[in-house]
Amino acid sequence: MSSPPVTGPATVQEHRGGPGPARFRPRRTPPAGVARPARRGVLSYWRQYLAISPFYLIFIAFSFFPVFYSLYLAFQRYDGLGTKQFVGLQQFEFLWNDPVFWLSIRNTLVIWVLSTVPTLFGALVLATLLHSVRRFKGFYRIALYVPNVTSIVAVAIFFGAVFSNNFGLVNAILGTVGISPVPWLSNPWLIKLVIGLLMTWMWTGYNMIIYLAGLQAIPQSVYEAAKMDGAGPVRTFFQITIPIMRPIILFTVIVSTINGLQSFSEPQVLFASNAANANLGGPGQAGLTTLLYFYQSSFLDNDYGYGAAIVWAFFVLIIVLVVINWRIVQRGSKS
């Protein structure tokens, strides 16, 4: 004889994900006589906040405050010593009609293209080759990454000596095969090419390490399946590796865009820019980048308001180029 059905909370069923009896989970309540622990207020963690406060104080003093103070200076006329004079948008109006500013923009964009495209392409090729290497992989990683941790001033001095017009190593090698010396550091286009090569030398290893990490994260079974379907190495690379690596490529494109547009130390060291050098950025100002022009306006001409206007206009340009690159890469992933 079957027992009568039991009524009450035990018969309540919760249908979460399919048929079958559901479990009855009673609400957990503390036992009688046991009080719940009181919630600690924000001030009770003052020791922890005090421990991490030096970082935030330094960040506010040397990063957060200067950024917004420079925006304030962009609307002032200030030489660093006298009183500030509010001029509104006059700095930006003068900037719009300044031929040297637009020259620096053109130089920066050309140098950015000459450095970013070879850097990303070479990094992807080196990462692919290194991914297939079986022996001495650690040695190759270190050797290719060393230029990125080398002082940029030392690298710029080295490139200045190698590409010197009169006593450079490159011209000496060209002379042995009967080629006349090339004016690397006096021709306007060759100046940009040397700066682009310098930046390529510095950043290829950094991007190569990022690409190598992405390649190592791809499951080997994907390549084995493509091989069984008859895909060759070239087809596998463009139809499997590149689509999987697209988020990493997008990251490197954005980072390389920001770093490539901020070239400053390279032309400054190559052409010994200082207060006594009238040709800032080399002959014909062919190596005058926007940040170098900002340095000239602010710290050589003591026009801090105009320098702030230059750097904020350049910041808007960087944002626009980053968005364009992001949309181009993302459009390929949606197609």
Practice task
Determine, using ring centers only, whether Phe314 and Phe294 are less than 6.0 Å apart.
Solution key: no
Practice task
Evaluate whether atom NZ of Lys227 has more than 12 neighbouring non-hydrogen atoms of other residues, nucleotides or ligands under 6.0 angstrom away.
Solution key: no
Fill in the blank from the handout: Residues Tyr223 and Ile240: closest non-hydrogen pair is CE2-CG2, 4.4 Å
Exercise for the section: For residues Leu109 and Leu261, determine if any side-chain heavy atom of one lies less than 4.5 Å from a side-chain heavy atom of the other. Expected result: yes
Problem - Non-hydrogen atoms of Phe68 and Phe64 that approach each other most closely - result: CD1-O, 3.3 Å
Practice task
Check each of Ile319, Val323, Ile318, Leu317 against Leu321 using the side-chain contact (heavy atoms from CB on, under 4.5 Å) test, and report the only one that passes.
Solution key: Leu317
Fill in the blank from the handout: Value for CH2 (Trp112) from OG1 (Thr289), rounded to nearest 0.5 Å, stands at 15.0 Å
Problem - Spacing of OG belonging to Ser263 relative to CD1 belonging to Ile152, to within rounding of 0.5 Å - result: 9.0 Å
Practice task
Check the hydrophobic clustering (I, L, V, M, F, W, Y; side-chain heavy atoms under 4.5 Å; chains of links allowed) and say if Leu103 and Ile105 are grouped together.
Solution key: no
Problem - Heavy-atom donor-acceptor pair, Thr252 side chain to Ile249 backbone, under 3.5 Å - result: yes
Exercise for the section: For the residue pair Phe264 and Tyr295, categorise the inter-ring angle as parallel (less than 30°), tilted (30 to 60°) or perpendicular (more than 60°). Expected result: perpendicular
Practice task
Assess the side chains of Thr290 and Thr108: does a donor N or O sit below 3.5 Å from an acceptor N or O?
Solution key: yes
Exercise for the section: Could you tell me how the ring of Phe86 sits relative to the ring of Phe75: parallel (under 30°), tilted (30 to 60°) or perpendicular (over 60°)? Expected result: parallel
Handout entry: Gln90 side chain near Arg77 side chain, heavy-atom distance below 4.5 Å
Key = yes
Practice task
Check whether any side-chain heavy atom of Asn207 sits under 4.5 Å from a side-chain heavy atom of Leu124, and report yes or no.
Solution key: no
Practice task
Treating Ile, Leu, Val, Met, Phe, Trp and Tyr as nodes and any side-chain heavy-atom pair under 4.5 angstrom as an edge, say whether Val253 and Met202 lie in one connected cluster.
Solution key: yes
Practice task
Check for a donor-acceptor pair, side chain of Asp229 on one end and backbone N or O of Ala231 on the other, with a separation under 3.5 Å.
Solution key: no
Exercise for the section: Scan side-chain atoms only and decide if Asp303 and Tyr78 contain a donor-acceptor pair under the 3.5 Å cut-off. Expected result: no
Exercise for the section: Without swapping roles, check the side chain of Ser115 against the backbone of Ile111 for a donor-acceptor pair under 3.5 Å. Expected result: yes
Handout entry: Whether Trp203 and Tyr206 hold their rings parallel, tilted or perpendicular, with breakpoints at 30° and 60°
Key = perpendicular
Handout entry: Under 3.5 Å donor-acceptor, Ser104 side chain and Phe101 backbone
Key = yes
Completion exercise
Nearest heavy-atom contact between Phe92 and Ala309 is CE2-O, 3.8 Å
Exercise for the section: Look only at the side chain of Asn171 and the backbone of Ser164, and say whether a donor-acceptor pair between them is shorter than 3.5 Å. Expected result: yes
Practice task
Answer yes or no: is there a donor N or O on one side and an acceptor on the other, between the side chain of Ser63 and the main chain of Ile60, under 3.5 Å?
Solution key: no
Practice task
Dump the intermediate steps for side chain to side chain contact (heavy atoms under 4.5 Å, CB included) on Leu144 and Thr204, then the final yes or no.
Solution key: CA-CA 8 Å; Leu144 293 172; Thr204 300; over 6 Å; no
Completion exercise
Output for pair (Leu197 CG, Leu190 CG), nearest 0.5 Å, gives 10.0 Å
Handout entry: Thr241 side-chain N/O to Phe238 backbone N/O, donor-acceptor pair under 3.5 Å
Key = no
Handout entry: Parallel, tilted or perpendicular: ring planes of Tyr72 versus Tyr69, cut at 30 and 60 degrees
Key = tilted
Fill in the blank from the handout: Nearest heavy-atom approach of Ala308 to Ala74 is CB-N, 3.7 Å
Handout entry: Verdict with supporting geometry, Gln76 and Gln85, side chain to side chain contact (heavy atoms under 4.5 Å, CB included)
Key = CA-CA 5 Å; Gln76 310 288 328; Gln85 180 184 358; 5.5 Å; no
Problem - Contact check, side chains of Tyr306 and Asp301, non-hydrogen atoms, under 4.5 Å - result: no
Exercise for the section: Taking the six-membered ring for Trp and the single ring otherwise, decide whether the centroids of Phe315 and Trp312 are under 6.0 Å apart. Expected result: yes
Exercise for the section: Decide whether Leu129 and Leu212 are clustered together by the hydrophobic rule: side chain heavy atoms of Ile, Leu, Val, Met, Phe, Trp, Tyr closer than 4.5 Å, transitively. Expected result: no
Problem - Trp184 backbone acceptor or donor facing Asn165 side chain under 3.5 Å - result: yes
Exercise for the section: Heavy atoms only: give me the nearest Leu130-Tyr140 pair and the separation to one decimal. Expected result: CD1-CB, 3.4 Å
Problem - Min side-chain heavy-atom separation Ser297-Ile310 under 4.5 Å - result: yes
Problem - Hydrophobic cluster membership, Leu169 vs Phe163, 4.5 Å side-chain cutoff - result: yes
Problem - Side chain proximity check, Met199 to Glu266, heavy atoms < 4.5 angstrom - result: yes
Exercise for the section: Say whether Val125 and Ile218 are linked into one hydrophobic cluster, either directly or through other cluster members, by side-chain heavy-atom distances under 4.5 angstrom. Expected result: no
Exercise for the section: Say whether, by atom type as modelled, one donor and one acceptor occur between the side chain of Trp326 and the main chain of Phe251 under 3.5 angstrom. Expected result: no
Exercise for the section: Check whether more than 12 heavy atoms from other residues, nucleotides or ligands sit under 6.0 Å from atom CZ of Phe121, and answer yes or no. Expected result: no
Fill in the blank from the handout: Interatomic distance, CG@Leu288 vs CD@Gln296, rounded to 0.5 Å, equals 6.5 Å
Practice task
Work out which heavy atom in Ser298 is nearest to a heavy atom in Gly307; give both atom names and the distance.
Solution key: OG-CA, 3.2 Å
Problem - Value rounded to 0.5 Å, distance of CG in Leu270 from CG in Leu198 - result: 6.0 Å
Practice task
Give a yes or no answer on whether the side chain of Asn107 reaches the backbone of Val110 with a donor-acceptor pair at less than 3.5 Å.
Solution key: no
Handout entry: Reported CG-to-CD1 distance for the pair Asn259 and Ile254, which is rounded to 0.5 angstrom
Key = 12.0 Å
